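This report refers to the structure that appears directly beneath it.
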Amino acid sequence: METMAIIDFETTGLSPQSGERATEIAAVVVQDGRIVRQYQSLMNAGIRIPAFITQLTGITNHMVQQAPSAAKVMGEVAEFVGDLPLVAHNASFDRKFWDAELARIGRTRPQEFACTMLAARRVYPTAPNHKLETLARFMALPDTGKAHRAMADATMTAHLLCHMETTLMQRFRIAHLSHPLLRALQRAKKSDVQACLNPFTPPHPLSIPIRRCHQRNP
DNA sequence: TGCCAGGCCCTCTTTAGGGCCTT
């Protein structure tokens with residue numbers, strides 16, 4: 001697998017445009033199908049955490065008050081991931097917080113995001129739904145700890161990514177999972193991908209535009 | 001005044017609407 005950085009934010013809400021801020025971030029670097037580096041930190045953005053968020057995540061006002069500033073943490077995690085391609089579950093959410101928090105420290109994102117949720121809708125169309133927790137149960141992925149904490153969810157997303165690579169290697173004859181392939185997959189037509197994944201047909205070369213770069217020789 | 005996310009996908013679509021997913 002191409003080396004990628006998987007990130008997960010915990011936040012005070014759903015939109016930085018509405019003044020919501022990050023409270024915790026985790027990043028794990030996956031290389032050759034295993035996690036080789038990890039970063040995790042709570043962060044203090046100077047904003048109160050709504051009670052329902054504390055109930056959801058377990059992150060309290062006291063915890064973030066003891067944490068380093070959001071600026072310090074975002075600087076560290078940006079250095080940690082460098083220019084590695086980024087991955088998140090429902091990446092549109094993490095991308096907008098990543099961009100908003102980086103903008104506050106005068107930085108911009110040099111790389112693209114790929115989304116495991118969109119890709120999972122293609123690769124696992126029979127899953128009950130495509131929430132991270134549901135997919136983890138559906139595929140019996142290893143337990144990573146309390147859901148809705150950044151490191152647990154980032155690690156779970158990494159496991160999901162590795163499971164997806166195995167599925168794609170078996171069904172599509174890909175040599176390895178790359179970030180461009182993941183992005184192409186999430187944009188591919190549902191019907192095209194499902195035809196390739198039909199259990200009653202033999203493994204089928206992946207018929208999405210990026211295939212020449214990533215297929216293994218037959 | 002009243003409301004308050006938004007990107008993406010699917011479909012009974014594209015001059016739109018509703019559901020999913022993230023905190």
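Both backbone and side-chain heavy atoms feed into the values below; hydrogens, waters and symmetry mates do not. In this text, all values refer to a predicted model and were calculated from it rather than measured experimentally. Order of the sequence lines fixes the chain letters, A, B, ..., with proteins taken first and strands second; residue numbering starts at 1 for each chain.
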| message | For a side chain to side chain donor-acceptor pair (under 3.5 Å) check, start with the C-alpha distance between His89(A) and Thr116(A), then their side-chain angles and the critical distance, and finish with the verdict. | response | CA-CA 5 Å; His89(A) 197 71; Thr116(A) 51; 2.8 Å; yes
| said: What verdict does the salt bridge (Lys or Arg N to Asp or Glu O under 4.0 Å) test give for Glu101(A) and Lys96(A), after you've listed the backbone C-alpha separation in whole Å, the side-chain angles of each residue and the deciding distance to 0.1 Å? | reply: CA-CA 9 Å; Glu101(A) 294 292 348; Lys96(A) 64 188 179 184; over 6 Å; no
Would you list the protein and nucleotides 11-14 of chain B atom pairs, both N or O, that sit under 3.5 Å from each other?
none

| task | Could you tell me whether Glu20(A) contacts a base, only the sugar-phosphate backbone, or nothing, with contacts defined as non-hydrogen atoms closer than 4.0 Å? | result | nothing
| message | Taking the ring of His179(A) and the ring of Phe113(A), is the distance between their centroids below 6.0 Å? | response |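 Between His179(A) and Phe113(A), which both carry aromatic rings, the centre distance is not below 6.0 Å.
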| query | Side-chain contact, heavy-atom cut-off 4.5 Å: Asp32(A) with His176(A)? | reply |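 Side chain of Asp32(A) against side chain of His176(A), heavy atoms only: no contact under 4.5 Å found.
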| When rounded to the nearest Å, what value does the distance between C1' atoms of dC3(B) and dC9(B) take? |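 The answer is 26 Å between these two C1' atoms.
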| request: Determine the Euclidean distance between corresponding C1' atoms of dG2(B) and dC20(B); express it in Å to zero decimal places. | output: 26 Å
| query | Taking only side-chain nitrogens and oxygens of Arg183(A), does any of them come within less than 4.0 Å of OP1 or OP2 of dC8(B)? | reply | no
| task | Kindly give the heavy-atom pair with the smallest separation between Ala22(A) and Ala45(A), and that separation in Å. | result |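 Taking Ala22(A) first and Ala45(A) second, the nearest heavy atoms are O-CB, 4.0 Å.
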| note | Per-nucleotide protein contact along nucleotides 18-23 of chain B, 5' to 3', at a 4.0 Å heavy-atom cut-off (B base, S sugar-phosphate only, - neither), is --BBBB
| field | Presence of salt bridge, Arg149(A) and Glu24(A), under 4.0 angstrom | value | yes
| query | If two hydrophobic side chains count as joined below 4.5 Å and joins carry through other members, does Ile35(A) share a cluster with Met139(A)? | reply |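 Looking at the clustering, Met139(A) is in the same group as Ile35(A).
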| query | Same cluster or not: are Ile25(A) and Leu161(A) linked, directly or through other Ile, Leu, Val, Met, Phe, Trp or Tyr residues, by side-chain heavy atoms under 4.5 angstrom apart? | reply | no
